[in-house]
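Everything below concerns the one structure shown next.
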Amino acid sequence: MDPECSQLLPALCAVLADPRQPMADDTCLEKLLDWFKTITEAGSSLLLLQGNPCLVELLCHMLKPQDLSSRVLAFSLRLTGVLAAQEDCFQYLQQGELLPKLFGEAGPLGGAAWTSPTVRSGWIQGLRSLAQHPSALHFLADCGAVDTIFSLQEDSSLFVASAAGQLLVHILGLSMPGPAGGPPSLQAGDWPACAQKIVGHIEESLRATATPQITQALNVLTTTFGHCHDPWTQVLWVRLSPLVAGLLEKDPVPAAHSLVDLLLSVARSPGLSSSSCGLWETLAQTLSHLSPTQAGPLALGILKLQDCPQALRAQAFAVLLQPLACVLKATAQDPGPSGVLDGIVGDSMTADMLLPSKAACVGLLCRTLAHLELLLPLPQRPCPWPQAPLLGAAVTLLQLCGGSARPTSDAGRHLCALLLGCVRVQRAALDFLGTLSEGTGPRELVTQVFAVLLEYLRSPDSSPTVLKKAFQATFRWLLSSPKTPGCWDLDPHALLFLRDLLPVLQKRLCSPCWEVRDSGLEFLTQMTRHWGGQAGFRHALLASEVPKLTEQLLRDPESYVRASAVTAMGQLSSQGLCVPPAGPEHPGGQQKSLLAELLHILSTDSEGFPRRAVMQVFTQWLRDSHADVAGDTEQFVAGVLQVASQDLDWEVRAQGLELALVFLEQTLGQPRSHCPCAVTPAVAAPVGPLAQALQPLCRVRLFEFAFRALFDCDRPVAQKSCDLLLFLRAKTASSGSLQESRSSPHVASVEAALQRWQAGDQAQPLGDLEPEVVLAVLRSLDLEGLQGALAESSDHVEKSPQSLLQDMLATVGVLGGNEADCY
């Protein structure tokens, strides 16, 4: 500990021990505890106590009957645990009977402070830190702490109850032998006392009739098998598995979700999954006893396992598919079983669970679709994968929700009534349908997919979120449409669909709901990016009103829509898909007016989103040598940087630096390394060509923009400017005239102006800069030092332990106000 902190610590301990003093907030106490943890991890806790007796005095003061703050008492309990984690310090505190008084019946357990959840939590966390060595185990057994932990499992505070369960797991793991100790005996009498007590409590809880007790025991076991993989866990499972299996004989199965978590935790444990301990039989039995809603997460977990018997995997997949099989069976046009999903037909239990109420039906279907969506991309998914039946099920669900299904059975009509207009199922089914686009399917089924997607995009009843997901699924299916070999254009069926789709998109771009207009523009941007250069797409798009409507949305009242319209128009323009207006009022054509329109948005739009979108479009146009930009690149860059430098949005200024970097790379003809930390070796360059190369950068005032951004009040902007200037300096490192230029009066005036800018006075412009002056200024700036300072956190100067102690003392007036740091 620093001498300065040692001098401040007695006063702070006195403040913490005085109930009359105003209390430090939880954040300060947490930081103080973190500091003590850092000290004890690096050195001896015993030496810390011996060198700072005020700490022992503070802990002893907690034992006096007084009106102590619950926060300070909890802090003291946690601090005691941190110190006693080292065995020699534990023995030192034991000699003074401090530990039994703090953690035993004589301490907070028997006082009024125990009613505070903060104190109970501090007590648990203190014991958790303390329990690190054999001496601590004897202490826990002797002081009766384990019984208290049992009772805290039922605490009214969920945080306390959870922490109590975690502490039991930690104590159990500490008391049992590790791998070097060999497998423990199956005889309970041979186990350590703490382990016997905890396991006995778990057994008693598993035999209980109250579900909360069973849940607590299952949660403790789940954490145990999830964190401990020593041989003793196999013995523990063999001992407890009959009790766990016995829960399946109860109707209903108690704590089903916790039971599923436990079984999956055991199945993921390396030692248990590979041993013959009856685990797979228990899993199969559990799948058959749980309801479809409860069994779904277990089935998914089993299918995610790397090593699992094939019969169990087949059973789990059948359970996962049952709800969709039930839907297909209920909506089959001909009587009798539908014979889909590889013969899996929803049984009566699934049908009963699916149909009795809308809540049960919707919840089960949404979970099933989500589970299958998670399973689809995994390498261990079932093979063969029933792609066609699942496509049929997703389409059928969307038809049921949209009202276009015409089931003939009573169950189908009941299902249709439950799901009609259900947004939750629509969203889940569209997500799943989009994921299924990664596979293939029969042509007639793919046709049905596009038909139901078009139905949803057309329907006036589709909500904005459903429409967004319908657009996303449509794009994914268009991407996956079969291609002619050697041709990347859309296939004829997709082009026919596109001709039906574009009128719908036109309608959606005119929607009174801004979310719908925004989703339509995003969809248009995606399509243009992928197929903008393909003849079929270009012909269909130019024959529609979509480009014209998109241009009109640049003036939409909603800023999100304007931003999306900017992005869409930028993409359309890059592909040459903006049609010049027919009227004589636009003699220069639409392309030129679009550039003017985007500059106008950048200069005048009151919202940041459209302005950011304009900067991104301009940067991409410059990178791609867009026709309008290539005509007069310098004028374009100068105008954009001038507007961006005055923008109040830091993201616009940062994007301006990105555009400046693209122009710099194009001018120097040397693309930057993708790694910002890469050091580029200096390349010798003659002074003449180098000065000529830098002249365009000077003419567009790129350096004034970058130097001003170097001292920007927003750190990301300053960091980006620093990276740009470092890149430039590395490219121009060797120049014979640098030495002479450094001493010129112009260089001195620029350096003086930059110092004023750094101090906050940026009113004076730098004026026209010559390349030699720029190079000299770059050499004089400590860009590496500035880069390091920008990389540090904003409170790096004021977050020292000494600063923390001073702040806490200043809060109660022990120090003068000028000695407190505001961090």
Side-chain angles (χ1 to χ4, degrees), residues 9-10 12-21 23 29 32-33 36-37 40 44-152 155 160 163-164 167-168 170-171 174 193-194 197:
L9 198 55
L12 180 62
C13 288
V15 168
L16 294 175
D18 188 350
R20 298 168 300 176
Q21 294 286 2
M23 247 334 84
L29 291 174
L32 188 61
L33 190 68
F36 282 120
K37 287 179 182 177
T40 56
S44 168
S45 301
L46 181 58
L47 292 178
L48 175 66
L49 285 183
Q50 291 173 341
N52 299 275
C54 59
L55 290 174
V56 179
E57 294 172 9
L58 171 65
L59 300 181
C60 292
H61 203 79
M62 296 298 109
L63 302 174
K64 297 180 181 179
Q66 55 184 327
D67 188 17
L68 283 172
S69 163
S70 59
R71 287 183 295 174
V72 173
L73 180 54
F75 165 80
S76 301
L77 291 167
R78 295 174 66 189
L79 176 60
T80 304
V82 169
L83 296 169
Q86 296 182 12
E87 197 159 7
D88 56 350
C89 190
F90 176 89
Q91 301 294 350
Y92 177 77
L93 293 173
Q94 271 283 69
Q95 292 172 7
E97 293 294 315
L98 188 59
L99 291 179
K101 292 176 182 177
L102 279 173
F103 292 101
E105 291 292 340
L109 282 172
W114 193 250
T115 58
S116 169
T118 304
V119 173
R120 300 196 298 274
S121 178
W123 185 87
I124 291 173
Q125 292 179 67
L127 284 181
R128 173 66 177 81
S129 300
L130 175 149
Q132 304 294 334
H133 41 75
S135 299
L137 285 177
H138 296 303
F139 168 73
L140 292 172
D142 295 340
C143 74
V146 176
D147 290 321
T148 305
I149 300 169
F150 290 156
S151 65
L152 288 176
D155 197 272
V160 173
L167 180 54
L168 285 178
H170 176 72
I171 295 172
L174 181 67
C194 270
K197 193 163 192 174

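- Between the CG atom in Leu102 and the OG1 atom in Thr80 there is a gap of 5.0 Å [rounded to 0.5 Å].
- Annotation: side chain of Met62 is in contact with side chain of Val72 (closest heavy-atom distance under 4.5 Å).
- In this structure, Cys143 SG and His138 NE2 are separated by 13.0 Å, a value rounded to the nearest 0.5 Å.
- In plain terms, the two heavy atoms of Lys101 and Leu63 that are nearest each other are O-CD2, 3.5 Å.
- Between Ala84 and Leu130 the shortest heavy-atom distance is CB-CD1, 3.8 Å.
- Between Ser116 and Arg71, the closest side-chain pair of non-hydrogen atoms is not below 4.5 Å.
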**OP:** Would you check, one step at a time, whether the test side chain to side chain contact (heavy atoms under 4.5 Å, CB included) holds for Tyr92 with Leu98?
**Re:** CA-CA 9 Å; Tyr92 177 77; Leu98 188 59; over 6 Å; no
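- Note: Thr40 OG1 to Gln86 CD = 6.0 Å, rounded to the nearest 0.5 Å.
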Original post:
Going through the checks in order, is the side chain to side chain contact (heavy atoms under 4.5 Å, CB included) test met by Leu48 and Phe36?
Top reply: CA-CA 9 Å; Leu48 175 66; Phe36 282 120; 4.2 Å; yes
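- Between Arg120 and Asp155 there is a side-chain heavy-atom pair separated by less than 4.5 Å.
- Of all heavy-atom pairs spanning Arg128 and Leu167, the tightest one is CA-CD1, 3.6 Å.
- Of all heavy-atom pairs between Ala141 and Cys194, the closest is CB-SG, 4.3 Å.
- Atoms CG and CG, from Leu79 and Leu55 in turn, are 6.5 Å apart once rounded to the nearest 0.5 Å.
- Counting heavy atoms from C-beta on, the side chains of Ser44 and Asp88 come closer than 4.5 Å.
- With contacts defined as side-chain heavy-atom distances shorter than 4.5 Å, the pair Glu57/Cys60 does not qualify.
- For the atom pair Leu73 CG and Thr118 OG1, the distance stands at 10.0 Å (nearest 0.5 Å).
- Distance check: Phe90 CZ to Gln132 CD gives 11.5 Å after rounding to the nearest 0.5 Å.
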**OP:** Could you check Ile171 against Leu127 for side chain to side chain contact (heavy atoms under 4.5 Å, CB included), going step by step and ending with a plain yes or no?
**Re:** CA-CA 10 Å; Ile171 295 172; Leu127 284 181; over 6 Å; no
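- Counting heavy atoms from C-beta on, the side chains of Leu137 and Leu174 come closer than 4.5 Å.
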Subject >> Chi angles and distances behind the side chain to side chain contact (heavy atoms under 4.5 Å, CB included) call for Phe103, Thr148 >> reply: CA-CA 10 Å; Phe103 292 101; Thr148 305; over 6 Å; no
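- A side-chain N or O of Ser135 and one of Gln91 form a donor-acceptor pair less than 3.5 Å apart.
- For the residue pair Ser121 and Gln125, a side-chain donor N or O sits within less than 3.5 Å of a side-chain acceptor on the partner.
- Minimum heavy-atom separation, Pro100 to Gln94: CD-OE1, 3.2 Å.
- A heavy-atom distance below 4.5 Å is found between the side chains of Leu93 and Leu49.
- Between Trp114 and Trp123, the ring-plane angle classifies as perpendicular under the 30° and 60° cut-offs.
- Leu77 and Gly122 make their closest contact through CB-O, 3.7 Å (heavy atoms, listed as atom of the first residue, atom of the second, distance).
- Annotation: side chain of Leu16 is in contact with side chain of Leu29 (closest heavy-atom distance under 4.5 Å).
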